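This is a predicted model, so every value here is computed, not measured. Just the heavy atoms: all of them, side chains too, but no hydrogens, waters or symmetry mates, feed the values below.
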Amino acid sequence: MTFRHLLAGAFVVGISISSAGPCAAKATWTAAELAARAIQRRAVEAVIWGMPAVNYDLMLQEAIKAKGGNNQIVYWSRLPSWKNQTLTPNPDAVYLMAFFDTKDAGPMVLEVPPADGGSLTANIDNIWQVALEDAGPSGADKGKGGKYLILPPGYAEKIPDGYFPLQSDTYNGYALLRSTPASGSDADVAKAVAYGKRIKLYPLSQAASPPQSTFVDVIDTVFDSTIQYDLRFFESLDRIVQSEPWLERDRAMIDQLKSIGIEKGKAFRPDAKTKASLEAAAREAQSWLELKYETAFAPYYEGHRWVVPALPEGIEGQSTNYDKRDLYPTDARGLTYSLGFVGIKHLGAGQFYLMTIKDKNGQDLDGGKTYRLTVPANAPVKQYWSATAYDRATHAFIRDMKGFSRSSQTPDLKKNPDGSVDVYFGPKAPAGKEANWVPTASKGKFEVMFRLYGPEKPLFDKSWVLPDIEKVTAR
């Protein structure tokens, strides 16, 4: 029995776990207490195990609310505002999400244009956010464009020539496509939007005369797919169980979920007592994930605060569909997808991410204080770098802010004489530093993600080092 199982039981029945061990805390259990403990501990594990699928479902539900949905493409027609409340999105790219469902439509075709005046970084995932393939210059088509054929579970028919076949073990999934503007100017952003809208999504059965793809603009919609640690989490998880086949590797969860009221073919209708236990379990899982967020990641540079916000076993698993028989890192996976979304087949080929929640001295980043990040000259990128602030509590853009990021593509960004760039974070811009300032909310903590698009060797051999964020002392 794990620590979080013991903690779950203590939370429900009001016991304390003494140094003598859990058995010494209570000699006997009533049937009602045992039932409550089972619900609580199994629900905690269900949250961690189900995180990537629920993360996906929350995005799909927001697309449906915006009059979009499966076999359609949701997109942002400008660079995103705070209303894009997905997890750690990139504010310097045009986002498109192509949701697909092969259950009724059969194999779906995703056409990606060649990199002839535009550039896409694209990843195609199943509902568990396992990467089926990457697309674009860093993907299978190598920037030449191509047709990606997404196949439903158990598909056995002959695959026609001219496609990149992607066998999925789920019916549903999505592709995340980022169209990169040459700069942040209105004209360049408009070009990136037009280029992104050259993608196509249609059933293979209509490939001879493809219908026009449906694009749904959500730029002015509050698109909130942040993780909800309450009953809504389990409602999302139930939708996944009802709509998808059980994977062989997950069959051990069938009875676990049944015991908390989630069972294929049956309605999810928890009574008041079960609802209370489920909500308590969701909050406990959130606390456990937050603790792991603070402690699980090793520094990317020795002695520094920047980390890769995913554990190595999780990165490998989501890119290989967890093909190692003796390894299934659901804890690492749950942690990653509580912070962000999308699985990447070849991490480091098209993009790389570093993240920090601490300043140079190991203190939490406080939205009421001012900080400086000095980005050294000659950043190892073919495309661009960016530094973005997020709400530490939600891992989304800070609400009601007009800006979140500064990048090497920011039109008015000021450089130092040696080619380095100082980026400032805080509730108010330091005098004369407005062009290099990222606003933060004065109440609450924040986190920073540093993105490198088209990363190059000096990042990986660590001959180029990103310094830690430093607190600026008021004068």
Using a cut-off of 6.0 Å, state whether more than 12 heavy atoms not belonging to [X] lie near its atom [atom1].
X	atom1	value
Asn378	CG	no
Lys382	NZ	no
Lys360	NZ	no
Lys433	NZ	no
Gln212	CD	no
Lys67	NZ	no

What heavy-atom pair brings [X] and [Y] nearest, and what distance separates the two atoms?
X	Y	result
Ala387	Leu373	CB-CD2, 4.1 Å
Tyr195	Pro113	OH-O, 3.4 Å
Leu335	Ala296	CD2-CB, 4.1 Å
Gly362	Lys358	O-CD, 3.3 Å

Can you tell me if [X] uses its side chain to pair, donor with acceptor, with the backbone of [Y] under 3.5 Å?
X	Y	value
Trp128	Pro52	no
Asp134	Lys345	yes
Asn55	Tyr337	yes
Ser386	Ser407	no
Gln72	Phe99	no
Ser420	Asn416	no
Thr102	Tyr171	yes
Ser179	Ala192	yes
Gln228	Thr226	yes
Lys445	Asp366	no

- Task: Assess the side chains of Ser185 and Ser183: does a donor N or O sit below 3.5 Å from an acceptor N or O?
- Result: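 There is such a pair (donor and acceptor under 3.5 Å, judged by atom type) between the side chains of Ser185 and Ser183.
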- The single option from Asp217, Asp186, Asp220 passing salt bridge (charged side-chain N to carboxylate O under 4.0 Å, His left out) against Arg78: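 Only one option passes, and that is Asp220.
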Between [atom1] of [X] and [atom2] of [Y], what distance do you get to the nearest 0.5 Å?
X	Y	atom1	atom2	answer
Asn361	Asp364	CG	CG	12.5 Å
Met51	Arg333	CE	CZ	10.5 Å
Ser138	Gln351	OG	CD	5.5 Å
Lys471	Lys369	NZ	NZ	5.0 Å
Ile150	Asp125	CD1	CG	10.0 Å
Gln129	Thr336	CD	OG1	10.5 Å

- Task: Please assess Asp57 against Ile127 for the test side-chain contact (heavy atoms from CB on, under 4.5 Å), listing each intermediate value before the final yes or no.
- Result: CA-CA 8 Å; Asp57 180 70; Ile127 65 158; over 6 Å; no
I'd like to check [X] versus [Y] (side-chain heavy atoms, cut-off strictly below 4.5 Å). Are they in contact?
X	Y	value
Ile199	Ser213	no
Asp169	Glu248	no
Ile73	Val216	no
Tyr424	Arg406	no
Phe460	Pro455	yes
His304	Val465	yes
Pro309	Met449	yes
Tyr300	Leu466	no

- Item | ring pair (Phe, Tyr, Trp, His ring centres under 6.0 Å) partner of Phe397, chosen from Phe404, Trp82, Phe223 | Phe404
- Note on the structure: From the list Phe450, Trp464, Phe352, Tyr353, ring pair (Phe, Tyr, Trp, His ring centres under 6.0 Å) partner of Trp385 resolves to Phe450
- Task: Under the side chain to side chain donor-acceptor pair (under 3.5 Å) rule, what do Asn436 and Arg372 come out as? Steps first, then yes or no, please.
- Result: CA-CA 10 Å; Asn436 291 31; Arg372 179 180 61 246; over 6 Å; no
- Give me the ring orientation class for Trp246 and Trp49: parallel if the planes are under 30° apart, tilted from 30 to 60°, perpendicular past 60°.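 Correct class here is parallel.
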- Please state whether the rings of Phe297 and Tyr293 are parallel, tilted or perpendicular, taking 30° and 60° as the class boundaries. perpendicular
- If you draw the axis of the six-membered ring of Tyr453, does the NZ or CZ of Arg178 fall within 45° of it and under 6.0 Å from the ring centre? no
- Residue pair Tyr229, Leu289: steps toward the side-chain contact (heavy atoms from CB on, under 4.5 Å) verdict: CA-CA 11 Å; Tyr229 292 96; Leu289 288 164; 3.8 Å; yes
- Message: Which residue in the set Val342, Leu177, Leu176, Val218 passes side chain to side chain contact (heavy atoms under 4.5 Å, CB included) when paired with Met97?
- Response: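 Result: among Val342, Leu177, Leu176, Val218, Leu176 is the only option passing the side chain to side chain contact (heavy atoms under 4.5 Å, CB included) with Met97.
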- Take Asp250 and Tyr322 through the test side chain to side chain donor-acceptor pair (under 3.5 Å) and record every step on the way to the result. CA-CA 11 Å; Asp250 289 323; Tyr322 306 97; over 6 Å; no
- Carefully, step by step, assess Lys103 and Asn70 under the rule side-chain contact (heavy atoms from CB on, under 4.5 Å). CA-CA 11 Å; Lys103 192 168 190 176; Asn70 277 320; over 6 Å; no
- Are Glu62 and Lys65 ion-paired here, with the side-chain N under 4.0 Å from a carboxylate O? yes
- Message: Before you tell me yes or no, could you show the steps for Asp391 and Gln85 under side-chain contact (heavy atoms from CB on, under 4.5 Å), namely the whole-Å CA-CA distance, both residues' side-chain angles and the distance that decides it to 0.1 Å?
- Response: CA-CA 10 Å; Asp391 187 326; Gln85 286 286 298; over 6 Å; no
- For the pair Asn172 and Thr170, evaluate side chain to side chain donor-acceptor pair (under 3.5 Å) and give the outcome as yes or no after the intermediate values. CA-CA 6 Å; Asn172 292 269; Thr170 68; over 6 Å; no
- Task: Mind running ring pair (Phe, Tyr, Trp, His ring centres under 6.0 Å) on Tyr371 and Phe425 for me, showing each step along the way?
- Result: CA-CA 5 Å; Tyr371 301 86; Phe425 303 88; 7.8 Å; no
- Message: Could you walk me through whether Tyr301 and Asp468 satisfy the side chain to side chain donor-acceptor pair (under 3.5 Å) test, starting with their C-alpha distance in whole Å, then the side-chain angles of each, then the deciding distance to 0.1 Å, before giving a yes or no?
- Response: CA-CA 10 Å; Tyr301 304 106; Asp468 288 325; over 6 Å; no
